[in-house]
Amino acid sequence: MMTPEEKSTITDLKKCNFKEMYEYFKAKSEERKNMSKEEKKKIKAQNEAIQKEYGVCMMDGHKEKIGNFKIEPPGLFRGRGDHPKQGMLKMRINPEDVIINCSSDSKIPEPPAGHRWKKVLHNNKVTWLASWTENIQGHTKYVILNATFKLKGEKDLQKYEIARKLHRTVDKIRAHYREDWKSKEMMIQQRAVAMYFIDKLALSVDNEKEEGETADTVGCCSLRVEHIKLHDELDGKESVVEFDFLGKDSIRYYNTVSVDKRVYKNLKLFMDNKQPGDDLFDRLNTSIMNEHLNSLMKGLTAKVFRTYNASKTLQEQLNLLTNPDDPVPVKLLSYNRANRAVAILCHHQLFNAQVETLQMKARKRLSELKVKNNLGKPLERTTDPREATGKLSHITTLDENKEIALGTSKLNYLDPRISVACIQPYSRSIGDECASWKHISITLIQHPAIITPDPLEMSVPHAAYFNHPSSASSHTPDPLEMSVLHGSIFQSP
DNA sequence: TTGCCTACTTAGTAGAAGTTCC
DNA sequence: GGAACTTCTACTAAGTAGGCAA
């Protein structure tokens with residue numbers, strides 16, 4: 001930050017020499033690297049003490065970890081993609097900017113000496129503990145609990161239950177929107193085509209955002225004419241739609257899809273007499289869509305289709321790829337491939353310069369190891385699993401996951417019960433080799449729900465599935481008692 | 001109907017932390 | 001024992017969705 005005097009002196013940053021700063025930070029980083037074991041230990045202990053004092057709270061009588069108890073430090077706003085506010089200064093937050101939310105009978109946290117809080121609330125209808133408004137976009141930021149907290153698991157369970165409810169009625173809903181393609185009313189036609197895209201392609205929904213305030217990204221409802229091209233025929237397929245747009249986080253979505261003839265015809269109509277920058281679905285927005293969805297099924301919103309199709313894909317892939325007799329490494333490879341199919345569906349990407357180098361190395365090692373094996377084929381069952389070693393499976397996974405991020409779907413889209421049901425048979429068949437379920441699941445899958453099979457030991461996000469009283473309902477089989485086909489939770493009720 | 005606001009949920013990235021290899 | 005590799009986690013941006021008021 002510059003003072004007014006500095007601002008009048010420094011008019012062109014290109015003429016500044018930042019070498020000293022650069023050297024300073026380089027030295028700092030070097031210093032960190034060269035720290036002795038004792039110093040590292042000391043810092044770790046200090047951090048743990050801070051975590052112990054500020055990183056926990058009591059909620060409904062449970063001790064819960066707080067996710068982000070440290071306020072965001074000042075710095076340059078990064079933003080993703082071509083963000084108009086990229087590089088703006090994110091100001092320091094002072095206690096005077098912070099609202100505290102806690103029970104009226106609790107001990108109100110002390111502000112730092114010489115300061116006071118903006119406000120202290122006692123709102124027990126929300127989950128946040130403190131909030132402030134950031135200066136870049138004027139958004140409210142929250143101090144919230146860590147993802148492992150009880151309520152989060154319960155809400156997750158609800159989310160997947162709605163997805164399962166959708167499964168039971170999805171045929172009807174699909175038939176309904178197919179019928180609506182023929183509607184005389186333009187809004188209904190547009191709504192039905194958008195639903196088809198959301199369902200078939202797992203596009204995100206997209207709410208309108210203020211122009212010039214954020215990067216120019218779109219979702220299904222805000223697609224513009226310039227984002228799609230129609231081909232009567234392409235590569236031997238008929239009625240092909242070519243999508244090309246920037247979605248959430250400015251990740252490019254490029255896809256060519258052969259669509260239903262009626263949809264193709266509708267799209268032509270929607271694009272008629274429009275400029276490239278015009279809305280494709282000009283009569284549609286997310287609240288129209290969600291209101292309609294809720295009338296078809298209580299609790300249904302557009303994003304549920306993504307959850308449903310993701311979990312359904314996992315289950316289908318697991319059924320297709322796994323065999324109860326597979327050895328553990330092969331099982332793991334199959335699980336990762338199924339997970340990967342979901343990540344592809346949901347378009348979760350990984351861009352990292354390091355990944356490229358890692359992949360190259362992995363591929364090299366893979367070709368050395370693979371000679372007698374056929375593990376390289378994506379999404380196919382391996383024919384001779386016994387030949388697979390854990391190492392080879394691991395490297396194959398790495399190789400196949402180029403630019404595909406698996407974590408997001410694991411965390412937000414995959415019903416953990418499917419994973420539990422899938423590896424359940426293993427806990428019986430592996431026997432003494434892998435001493436415990438715990439060992440298997442930690443090695444196999446870093447899935448929040450199945451770090452350990454013991455519901456009483458679970459301290460992870462989806463734990464509520466198994467240890468909350470309401471989850472004892474008929475929809476939530478005890479993982480230890482499950483005798484369902486591995487991976488099958490989408491069965492008829 | 002529209003715009004705005006609040007309160008979550010979903011998302012990718014950097015780098016710390018942990019593990020394996022030589 | 002340290003370098004190289006790999007995984008995990010903190011961080012925070014960017015979505016979704018509901019509610020409310022003009």
Side-chain angles (χ1 to χ4, degrees), chain A residues 29 32-35 37 40 43-44 47 51 55 65-73 75 77-81 83 85-86 90 99 101 123 125-128 131 133-134 136-148 151-152 155-156 158-159 198 203-210 213-215 217-222 246-251 285-291 293-294 299-304 306-307 310 343 346-355 357-358 361-362 365 391 394-395 397-398 403-413 442-443 446 448 451 461:
Chain A
S29 144
R32 251 199 322 271
K33 251 193 224 161
N34 296 330
M35 262 190 301
K37 257 197 182 141
K40 278 186 188 166
I43 289 175
K44 201 174 170 191
N47 286 340
Q51 162 81 37
K65 266 173 128 178
I66 302 172
N68 56 333
F69 60 90
K70 293 177 186 166
I71 212 91
E72 294 175 20
F77 175 77
R78 177 67 183 84
R80 307 209 176 116
H83 196 117
K85 302 206 167 175
Q86 184 172 78
K90 204 166 87 167
I99 301 170
N101 185 36
N123 181 356
K125 299 283 183 283
V126 295
T127 66
W128 56 268
S131 73
T133 306
E134 53 93 17
I136 306 288
Q137 326 215 55
H139 290 162
T140 314
K141 296 258 182 158
Y142 302 94
V143 168
I144 53 170
L145 294 177
N146 168 303
T148 61
L151 224 65
K152 163 80 178 154
K155 288 188 93 172
D156 251 17
Q158 269 173 27
K159 175 178 79 180
I198 284 174
L203 295 189
S204 8
V205 199
D206 203 280
N207 286 291
E208 261 96 306
K209 35 197 166 270
E210 238 177 292
E213 294 291 303
T214 57
T217 60
V218 297
C220 185
C221 294
S222 52
L246 297 180
K248 181 173 177 181
D249 293 305
S250 293
I251 301 283
N285 61 40
T286 50
S287 46
I288 291 176
M289 167 82 86
N290 282 337
E291 203 179 309
L293 292 174
N294 197 260
L300 184 61
T301 62
K303 82 187 185 83
V304 178
R306 246 164 102 80
T307 313
C346 293
H347 213 67
H348 293 140
Q349 300 208 349
L350 191 69
F351 286 114
N352 191 332
Q354 288 175 6
V355 170
T357 356
L358 284 174
K361 283 182 189 167
R365 280 157 63 193
K391 193 173 184 176
H394 178 76
I395 296 172
T397 299
L398 187 67
E403 290 179 7
I404 309 287
L406 301 187
T408 303
S409 48
K410 244 178 226 159
L411 204 58
N412 301 308
Y413 289 103
I442 286 174
T443 333
Q446 298 84 46
I451 301 292

query: Is A:T217 touching bases, backbone alone, or none of the nucleic acid, heavy atoms closer than 4.0 Å?
result: sugar-phosphate
message: Looking only at the side chain of A:K90 (C-beta and beyond, no hydrogens), which of the listed nucleotides C:dA14, C:dT12, C:dC11 gets closest?
response: C:dT12
task: Just say parallel, tilted or perpendicular for the rings of A:Y142 and A:W128, cut-offs at 30° and 60°.
output: tilted
- prompt: If you look at every strand shown and take non-hydrogen atoms under 4.0 Å, does A:H139 touch a base, only sugar-phosphate, or nothing?
  reply: nothing
message: With side chain to side chain donor-acceptor pair (under 3.5 Å) as the test, pick out the partner of A:S222 among A:D206, A:N285, A:T217.
response: A:D206
message: Base, sugar-phosphate or nothing for A:T127? Non-hydrogen atoms, less than 4.0 Å.
response: sugar-phosphate
- request: State whether A:S250 places a side-chain N or O below 4.0 Å from either non-bridging phosphate oxygen (OP1 or OP2) of C:dA14.
  value: no
task: Could you encode protein contacts along nucleotides 16-22 of chain C as a string, one character per nucleotide from 5' to 3', using B for base contact, S for sugar-phosphate-only contact and - for no contact, with a heavy-atom cut-off of under 4.0 Å?
output: BBS----
- prompt: DNA chain C: A:R78 or A:N146, which has the more 5' nearest nucleotide?
  reply: A:N146
- prompt: To the nearest angstrom, how far is A:Q137 atom CD from C:dG15 atom C1'?
  reply: 12 Å
message: Does a side-chain N or O of A:R80 approach OP1 or OP2 of B:dT10 to a distance below 4.0 Å, or not?
response: no
message: Over all strands shown, is A:Y413 touching base, sugar-phosphate only, or nothing at heavy-atom distances under 4.0 angstrom?
response: sugar-phosphate
- request: Among B:dA11, C:dT12, B:dA7, find the nucleotide with the atom closest to the side chain of A:E72.
  value: C:dT12
- request: Among B:dA7, B:dG12, C:dA13, find the nucleotide with the atom closest to the side chain of A:V126.
  value: B:dA7
Per A:K159 side chain, nearest of listed nucleotides B:dG12, B:dT10, B:dT9: B:dT10
- request: Check the surroundings of atom NZ in A:K65: do more than 12 heavy atoms from other residues, nucleotides or ligands lie under 6.0 Å from it?
  value: no
task: Taking only the side-chain nitrogens and oxygens of A:K141, find out if one of them lies under 4.0 Å from OP1 or OP2 of C:dT12.
output: no
